[in-house]
Amino acid sequence: MNIFGRTKEQLAAALKEHDIPRFRADQIIRWMYRRGAVSFDVMDNLAKPLRAQLAEYFSIERPKVVSRLHSADGATLKLLYEFADGQTAETVLMRHPYGNSVCISTQAGCRMGCAFCASTLHGLQRNLTAGEIAAQVIGISDFLRTEGARVDTIVVMGSGEPLENYDNVIAALRLLHEEYTIGLGYRGVTLSTSGIVPGIERLAEEGIPISLSISLHAPTEELRSQIMPVNRMYPLADVLRAARMYAQRTKRRVTYEYILIRDLNDGVHEAEQLANLLKGQLASVNLIPINPVSERNLFRPDKAAIRRFQKILEERHITATLRREMGTDIQAACGQLRNRLMEAGL
Ligand code: SF4
């Protein structure tokens, strides 16, 4: 049994089945989550016969880093993790002036089919387990610890639709919140969804104060369905209703992501429609000029168009920030590195 990804309680229960006392779970868990141990051999506060017994029943398996790319400015590090069955997923460390943020993946591939996204080009392979999701952050945390730094925030915005893998995502966040892993505050977590309405409603009742980010990308049903096929199942009007309910229930501001695509959704008309749609909400818009994705025929608007769009929102009292570009030189857009390696047969 691979114990990486287990909580202390789950590990204690597994140990009990082999008559190993509960306090051993404390010792093992610290080695595993805070000291990077991947074998029982190194756990020198456990007697040798116990280490041998543990190795007989259990293993500690973490995903392997199979590609590591640093951006030229040093602010972004992109990792491609490979899991035990050969599936892969990307994780990105972004070093902001206000702290270190990690963008994690929740599925290998994705079935949502968003037009601008490289992660969906090969469809969904499978959900990642809670351990595989948490391992992405713990791996980066281990790396940062060598520099005397830590993971400050997490964005659940990498490959996959997190609310389609709800239980594993929540279990991973709860694990990362534990003091014996990285003790991450829930307020430092932002989860981004393409708009899975039942998942948003469930999350509002979960009792963990994480921030919600909704991928909007269009101000009308028709255009949104064109860019995001999920809109046919969960229409924009229902997504906005669920988002408003989330904001009211959790008292957390909802962020709307809006990828700006030249001549598709970046015009004056769309900006005005978007402002009308969000009027009077506890919300802000994060504008993201599309990252060049060679597989797709979608282009980035010029600077004037981006600024014009932002200005229209601001004039209508909608907070609109322009996402800082990070790591375009290392294909930091979701799914690009994984695709390149898949296409190369790696
Ligand atoms: S943007 Fe997110 S939800 Fe849409 S296809 Fe890409 S990974 Fe899936």
Side-chain angles (χ1 to χ4, degrees), residues 78-81 83 87-92 102-128 132-133 136 154-166 168-169 172 189-200 203 210-218 223-236 238-239 242-243 254-261 264-265 285-298 300 323 325-328 331-343:
K78 182 163 195 167
L79 303 179
L80 187 71
Y81 280 107
F83 305 105
Q87 289 298 337
T88 53
E90 299 170 358
T91 308
V92 183
V102 179
C103 178
I104 56 174
S105 294
T106 54
Q107 297 180 309
C110 183
R111 72 183 188 102
M112 306 314 287
C114 301
F116 52 84
C117 178
S119 293
T120 197
L121 288 174
H122 299 278
L124 172 68
Q125 307 303 314
R126 68 168 172 83
N127 282 335
L128 300 186
E132 288 168 339
I133 297 167
Q136 298 169 53
I154 292 181
V155 286
V156 188
M157 246 179 230
S159 296
E161 166 49 65
L163 297 183
E164 290 238 304
N165 186 15
Y166 190 97
N168 287 332
V169 170
V189 178
T190 301
L191 181 143
S192 173
T193 177
S194 60
I196 309 294
V197 171
I200 297 170
L203 193 62
I210 64 173
S211 299
L212 183 66
S213 169
I214 308 260
S215 297
L216 213 55
H217 308 325
L223 185 55
R224 191 164 188 267
S225 293
Q226 193 184 326
I227 298 174
M228 302 177 72
V230 66
N231 194 65
R232 293 187 200 116
M233 184 174 270
Y234 301 114
L236 181 56
D238 294 352
V239 175
V254 173
T255 308
Y256 293 99
E257 308 280 333
Y258 194 102
I259 287 201
L260 286 165
I261 307 168
L264 188 64
N265 66 356
V285 178
N286 197 5
L287 297 172
I288 311 158
I290 191 169
N291 237 329
V293 178
S294 55
E295 298 91 337
R296 302 283 194 184
N297 216 12
L298 300 171
R300 171 181 294 227
R323 185 182 291 175
E325 287 198 49
M326 297 189 78
T328 40
Q331 303 196 326
C334 159
Q336 285 180 296
L337 174 62
R338 178 169 172 270
N339 282 350
R340 221 186 46 194
L341 294 190
M342 278 173 89
E343 276 150 23

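If you're wondering where the values come from, they're calculated on a predicted model, not measured in any experiment. Heavy atoms only: backbone and side chains are in, while hydrogens, waters and symmetry mates are out. We count ligands from 1, going down the list as the structure has it; atoms in each ligand are counted the same way.
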Identity of the nearest option to atom 2 (Fe) of ligand 1, non-hydrogen atoms only, from Gly160, Ser119, Ser194, Ser215: Gly160
Pull out every atom of ligand 1 sitting under 4.0 Å from any heavy atom of Cys117, numbered as shown with elements. 1 (S), 5 (S), 6 (Fe), 7 (S)
By number and element, which atoms of ligand 1 are closer than 4.0 Å to a non-hydrogen atom of Thr120? 5 (S)
Between Glu90 and Ser105, is there a side-chain donor-acceptor contact under 3.5 Å, judged purely by atom types and distance? no
Would Glu257 and Ser215 count as having a side-chain donor-acceptor pair, cut-off 3.5 Å? no
Looking only at heavy atoms, the pair that brings Ala243 and Tyr256 closest together is CB-OH, 3.3 Å
Salt bridge (charged side-chain N to carboxylate O under 4.0 Å, His left out) involving Glu132 - partner list, sequence neighbours excluded: Arg126
Arg111: which residues meet the salt bridge (charged side-chain N to carboxylate O under 4.0 Å, His left out) condition with it, sequence neighbours left out? Glu164
Taking 2.8 Å as the cut-off, does an N/O/S atom of Cys110 lie below it from atom 8 (Fe) of ligand 1? yes
Return yes when at least one N/O/S atom of Cys114 is nearer than 2.8 Å to atom 4 (Fe) of ligand 1, and no when none is. yes
